[in-house]
Protein chains: 2
Amino acid sequence: MRITSSIEYAARLMLTLAREHGKAPVSAESLSESDGIPSDYVSQILVKLRRAGIIQSRRGSSGGYSLSRPPAQITLGQVVRAVDRDVFEDVCGKYDAGAKDCRHQERCSLSPVWVRLGGVINDYLESVTLAALLQEKP
Amino acid sequence: MRITSSIEYAARLMLTLAREHGKAPVSAESLSESDGIPSDYVSQILVKLRRAGIIQSRRGSSGGYSLSRPPAQITLGQVVRAVDRDVFEDVCGKYDAGAKDCRHQERCSLSPVWVRLGGVINDYLESVTLAALLQEKP
DNA sequence: GCATTCTTGACTAAAAATGTCAGGAATGTT
DNA sequence: AACATTCCTGACATTTTTAGTCAAGAATGC
């Protein structure tokens, strides 16, 4: 249970884009430099963020990436989920004890606890918006 | 960010031992069968739980493992920490931005958020005791 | 037409999780 | 004392995940 590089990177990228919200799109290359992320890796993360619908892209010269909503309407939860699997998607898949790919058959006796933990984590992540983070770190 | 097998296994083991609290020690072999954990793997997890001080072991015939405290005095947090690294021990090590092994130098701008998330997770895990779990799943 | 920039998917490398194994040390029983 | 039982330790192998790289292609603006 830890914060992976992808999560950290995604959060940094979103924060940078939040600062540029309303201005011109930012290129992947520029984001790579300003946020200290390998340039070939940054694209992959940006793709996930775009597919999650929280950023937009524009190709061609003077193209780049920008938020698709105001910073106040994007939560950390949305960012984390864009690049990471669900928190409560655990050893038993999605705790669907009946699922045929469940590695532990009927032994998932603890599911309710993990689901509740996932809820707690999610509630916190949803309570933090990019706008709030910006206020903290302008 | 997910619940690993070790965590799930550790929780199952502790719950089983909680049920046997006050009775004779339970052997690793027996635990392996009752909790559906590979027998060579179960020992490794038990070692970690013992080193964390939440279970005791006794060697020799009729030896085995038992809780070192009543179920009401053992929390899920103690169990999870015994087998897993700290939740807030993330990409930046322990978010000690000055540390020389920090992979991201001064860019750990988000640390406060992750630390707070770690706090939220920890608070929940500390609020759940083995006794409470037993009541839920006797 | 051309440089710029994103898009996609395949690929490699490193790290972590998961599981296996073997030899040794303590304990209780006979 | 001999023996079976059980834990202890550390090394090893396998699989999965994460992290990062690469290359060919497609859209865009000038």
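By convention in this document, chain letters (A, B, ...) are assigned in the order of the sequence lines, proteins followed by strands, and residues within each chain are numbered from 1.
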Atom-to-atom span, CD1 of A/Ile45 to P of C/dT8 - whole angstrom = 16 Å
Spacing of A/Leu13 atom CG relative to C/dC6 atom C1', expressed in whole Å = 15 Å
Verify, without hydrogens or angle tests, whether A/Thr75 (side chain) and A/Val128 (backbone) share a donor-acceptor contact under 3.5 angstrom.
-> no
State which residues pass side chain to side chain contact (heavy atoms under 4.5 Å, CB included) with B/Val83; sequence neighbours excluded, sorted by chain then number.
-> B/Ser6, B/Ile7, B/Ala10, B/Ile45, B/Lys48, B/Leu49
Closest of D/dC7, C/dT18, D/dA19 to the A/Ser5 side chain is D/dA19
Would you mind writing out the side-chain donor-acceptor pairs for residues 63-70 of chain B within the sub-3.5 Å range, not counting sequence neighbours?
unit_1  : atom_1 : unit_2  : atom_2 : d
B/Ser68 : OG     : B/Gly53 : O      : 2.7
B/Ser68 : OG     : B/Ile54 : O      : 3.0
B/Ser68 : OG     : B/Ile55 : N      : 3.4
B/Arg69 : NE     : B/Gln73 : O      : 3.2
B/Arg69 : NH2    : B/Gln78 : OE1    : 2.8

Protein-nucleotide distance (B/Tyr41, atom OH; D/dC8, atom C1'), rounded to Å | 17 Å
d(NZ, B/Lys48; C1', C/dA16) in whole Å | 11 Å
Round to a whole Å and report the spacing from CG of A/Leu49 to P of C/dC6.
-> 13 Å
Separation of A/Ile7 atom CD1 from D/dT18 atom C1', in whole Å?
-> 11 Å
In whole angstrom, what separates B/Ile37's CD1 from C/dT18's C1'?
-> 12 Å
Which nucleotide in the list C/dC21, C/dC6, C/dT18 gets nearest to the side chain of B/Asp40?
-> C/dC21
Take atom CD1 of A/Ile3 and atom P of C/dA15, then tell me their distance rounded to the nearest Å.
-> 20 Å
Determine the contact category for A/Gln44: base if any of its heavy atoms lies under 4.0 Å from a base atom, sugar-phosphate if only primed atoms, P, OP1 or OP2 are that close, otherwise nothing.
-> base
Given C/dT7, is OP1 or OP2 found less than 4.0 Å from the side-chain N or O atoms of A/Arg51?
-> no
Hey, can you pull the residues of residues 53-65 of chain B with a non-hydrogen atom under 4.0 angstrom from DNA chain C?
-> B/Arg59, B/Gly60, B/Ser61
Pairs meeting criterion salt bridge (charged side-chain N to carboxylate O under 4.0 Å, His left out) with involvement of residues 112-133 of chain A, two or more places apart = A/Arg81-A/Glu126, A/Arg116-B/Glu136
OP1, OP2 of D/dA19 versus side-chain N and O of A/Ser6: anything below 4.0 Å?
-> yes
Respond yes when some side-chain nitrogen or oxygen of A/Tyr9 is under 4.0 Å from OP1 or OP2 of D/dG20, and no when none is.
-> yes
Please list, chain by chain and in numerical order, all residues satisfying side chain to side chain contact (heavy atoms under 4.5 Å, CB included) with A/Thr16, sequence neighbours excluded.
-> A/Arg19, A/Leu31, A/Ser34, A/Asp35
Just jot down the salt bridge (charged side-chain N to carboxylate O under 4.0 Å, His left out) partners of B/Glu29, sequence neighbours excluded, or say none.
-> none
